[in-house]
Amino acid sequence: MNTVGPYHNRQETYKYFSLPFCVGKKKSISHYHETLGEALQGVELEFSGLDIKFKEDVMQATYCEIELDKAKRDAFVYAIKNHYWYQMYIDDLPIWGIVGEADENGEDYYLWTYKKLEIGYNGNRIVDVNLTSEGKVKLVPNTKVPMSYSVKWKKSDVHFEDRFDKYLDPSFFQHRIHWFSIFNSFMMVIFLVGLVSMILMRTLRKDYARYSKEEEMDDMDRDLGDEYGWKQVHGDVFRPSSHPLMFSSLIGSGCQIFAVSLIVIIVAMVEDLYTERGSMLSTAIFVYAATSPVNGYFGGSLYARQGGRRWIKQMFIGAFLIPAMVCGTAFFINFIAIYYHASRAIPFGTMVSSGFA
């Protein structure tokens with residue numbers, strides 16, 4: 001089991017068992033391992049306790065019961081009111097289900113208690129998983145709510161390498177395109193471009209008028225005249241920066257980020273990074289570490305051309321500038337996530353160990 005949260009806010013997620021769901025009898029799973037990307041994203045999968053064995057059908061069976069007191073009922077009612085849904089994984093294939101639903105009057109609330117799993121296999125590999133929620137039970141305090149499941153295995157022609165293709169189908173997810181927001185942003189860009197263009201044209205028109213008058217002046221009057229307009233910046237291109245240490249570090253970091261973005265995009269086009277949780281983040285961290293010479297070359301060479309002498313200090317600033325900014329921002333946001341018990345909160349020990357790594 002992964003997370004649970006409101007359907008209309010995909011970024012607000014909590015641990016699945018933050019709701020008072022019960023756990024099955026099976027206590028462990030043998031082949032699960034956590035990756036670096038999962039640890040940094042705060043993904044902590046919890047075992048559901050469902051006993052599922054390969055190619056063994058399971059008829060509807062109760063795996064646990066919820067002792068529904070008033071506090072647990074209120075938690076489920078809040079989740080149903082906010083349209084909570086949950087995500088779970090079977091052999092790394094994600095599936096989603098709805099916690100429950102309310103009646104038309106919004107007075108009675110019902111919990112889906114029956115997970116009907118249909119798993120497709122090809123040879124000795126799982127290639128497809130579907131979940132159907134059934135067994136609608138009314139939430140009444142001081143009662144026992146049995147949770148049940150069933151498993152049906154079916155042979156599939158989908159190849160193991162293509163089992164994630166259905167998640168790339170646009171019809172699989174009902175993406176809602178916010179046309180008004182897109183139109184509003186587009187009109188705002190047009191307005192700002194027009195405003196800046198009008199200011200530039202007025203400035204350039206005055207400069208062109210002055211330059212045309214200079215053509216009628218002799219060389220002595222032109223040399224005695226003061227520079228104005230765009231001519232005032234003709235020497236700034238070759239003038240050294242007032243803070244060459246920080247300037248060269250920023251340029252080197254920018255070149256490294258550009259290289260990382262380009263390489264990650266190419267790798268994502270060639271490899272199927274979406275098939276593993278956190279693989280994109282893990283790849284970005286590895287590529288960032290591997291492209292550190294890009295930062296050193298561009299930042300160090302620029303610093304040397306500007307006459308810098310403290311190259312060791314520039315090297316350390318260039319190496320730690322972006323990681324310090326990213327880690328500082330992430331630490332601040334993570335403390336807020338820990339306060340609200342969000343699933344994306346990274347444990348403090350993981351944060352410290354990742355920071356030193």
Side-chain angles (χ1 to χ4, degrees), residues 1-27 43-52 57-91 93-120 128-154 166-167 171-176 340-344:
M1 311 306 295
N2 186 17
T3 57
V4 63
Y7 178 79
H8 300 292
N9 184 7
R10 309 293 177 87
Q11 302 302 318
E12 182 185 352
T13 56
Y14 306 95
K15 293 182 179 180
Y16 176 79
F17 289 107
S18 62
L19 288 179
F21 288 109
C22 56
V23 187
K25 296 180 180 179
K26 193 172 181 180
K27 299 299 181 184
V43 177
E44 294 183 3
L45 300 185
E46 299 175 286
F47 188 49
S48 64
L50 300 181
D51 190 5
I52 301 176
D57 291 348
V58 178
M59 302 301 292
Q60 183 175 359
T62 300
Y63 63 91
C64 66
E65 289 186 344
I66 301 175
E67 298 283 346
L68 194 65
D69 55 17
K70 186 178 184 304
K72 292 181 179 180
R73 180 187 181 277
D74 292 341
F76 280 123
V77 168
Y78 177 83
I80 295 171
K81 283 183 177 179
N82 290 274
H83 307 283
Y84 270 39
W85 67 326
Y86 59 87
Q87 183 188 49
M88 59 186 295
Y89 288 92
I90 294 182
D91 195 35
L93 290 174
I95 49 179
W96 296 266
I98 300 295
V99 173
E101 67 176 26
D103 61 1
E104 297 180 355
N105 299 324
E107 297 178 355
D108 296 327
Y109 299 91
Y110 299 88
L111 183 70
W112 295 110
T113 61
Y114 175 31
K115 293 179 176 63
K116 187 177 181 181
L117 296 168
E118 191 175 84
I119 305 176
D128 186 31
V129 178
N130 292 301
L131 170 66
T132 303
S133 298
E134 297 181 359
K136 190 166 63 173
V137 175
K138 184 178 179 180
L139 294 175
V140 179
N142 302 319
T143 58
K144 290 185 178 181
V145 178
M147 303 294 293
S148 58
Y149 79 109
S150 66
V151 181
K152 181 177 178 59
W153 294 84
K154 65 174 184 177
K166 78 170 186 177
Y167 300 105
S171 61
F172 184 81
F173 293 102
Q174 298 180 357
H175 296 290
R176 296 182 301 170
Y340 285 102
H341 304 285
S343 66
R344 296 183 181 273

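Along the sequence shown, residues carry numbers from 1.
Nearest heavy atoms, I80 versus Y110: CD1-O, 3.2 Å. Minimum heavy-atom separation, T143 to V140: OG1-O, 2.6 Å. The two residues S48 and V23 come nearest to each other via the heavy atoms O-CG1, 3.5 Å. When all heavy atoms of M88 and Y86 are compared, the closest pair comes out as SD-CE1, 4.1 Å. Pairing each heavy atom of E65 with each of P146, the nearest pair is CG-CA, 4.0 Å.
Proximity of V99 to L19: side-chain heavy atoms (C-beta onward) are separated by under 4.5 Å at one or more points. Side chains of S150 and K116 form a contact here, defined as non-hydrogen atoms less than 4.5 Å apart. Y14 is not listed as a side-chain neighbour of T3, based on a closest heavy-atom distance of 4.5 Å or more. Counting heavy atoms from C-beta on, the side chains of I52 and V58 never come closer than 4.5 Å.
Of the residues V129, N2, N130, T132, the one that meets the side-chain contact (heavy atoms from CB on, under 4.5 Å) test with I95 is V129.
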Intermediate values then yes/no, side-chain contact (heavy atoms from CB on, under 4.5 Å), I66 and M147: CA-CA 7 Å; I66 301 175; M147 303 294 293; 3.8 Å; yes
Does K115 form a side-chain contact (heavy atoms from CB on, under 4.5 Å) with L131? I'd like the steps, not just the answer. CA-CA 7 Å; K115 293 179 176 63; L131 170 66; 3.8 Å; yes
Determine, stepwise, if the pair V4 / S18 fulfils side-chain contact (heavy atoms from CB on, under 4.5 Å). CA-CA 8 Å; V4 63; S18 62; 3.9 Å; yes
I'd like to know whether Y114 forms a ring pair (Phe, Tyr, Trp, His ring centres under 6.0 Å) with Y149, so could you lay out the CA-CA distance, the side-chain angles of the two residues, the decisive distance to 0.1 Å, and finally the verdict. CA-CA 5 Å; Y114 175 31; Y149 79 109; 8.7 Å; no
Could you walk me through whether N82 and H8 pass side-chain contact (heavy atoms from CB on, under 4.5 Å), step by step? CA-CA 8 Å; N82 290 274; H8 300 292; over 6 Å; no
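Between K15 atom NZ and M1 atom CE the span is 14.5 Å, to the nearest 0.5 Å. Separation of atoms NZ (K152) and CG (D57) is listed at 5.5 Å; rounding is to 0.5 Å.
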Would you mind writing out the side-chain donor-acceptor pairs for residues 67-79 within the sub-3.5 Å range, not counting sequence neighbours?
| from | atom 1 | to | atom 2 | distance (Å) |
| --- | --- | --- | --- | --- |
| D69 | OD1 | A71 | N | 3.4 |
| D69 | OD1 | K72 | N | 2.9 |
| K70 | NZ | D74 | OD2 | 3.0 |
| K72 | NZ | E67 | O | 3.4 |
| R73 | NE | L139 | O | 3.1 |

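With sequence neighbours excluded, no residue forms a salt bridge (Lys or Arg N to Asp or Glu O under 4.0 Å) with E12.
Judged by distance alone, the side chain of T62 and the main-chain N or O of C64 form no donor-acceptor pair under 3.5 Å. Checking side-chain atoms of T113 against main-chain N and O of G135 turns up a donor-acceptor pair under 3.5 Å.
Checked against the 6.0 Å centroid threshold, F21 and Y16 count as a close aromatic pair.
Listed by first and then second residue, the salt bridge (Lys or Arg N to Asp or Glu O under 4.0 Å) pairs involving residues 94-104 are E101-K136 (not counting sequence neighbours).
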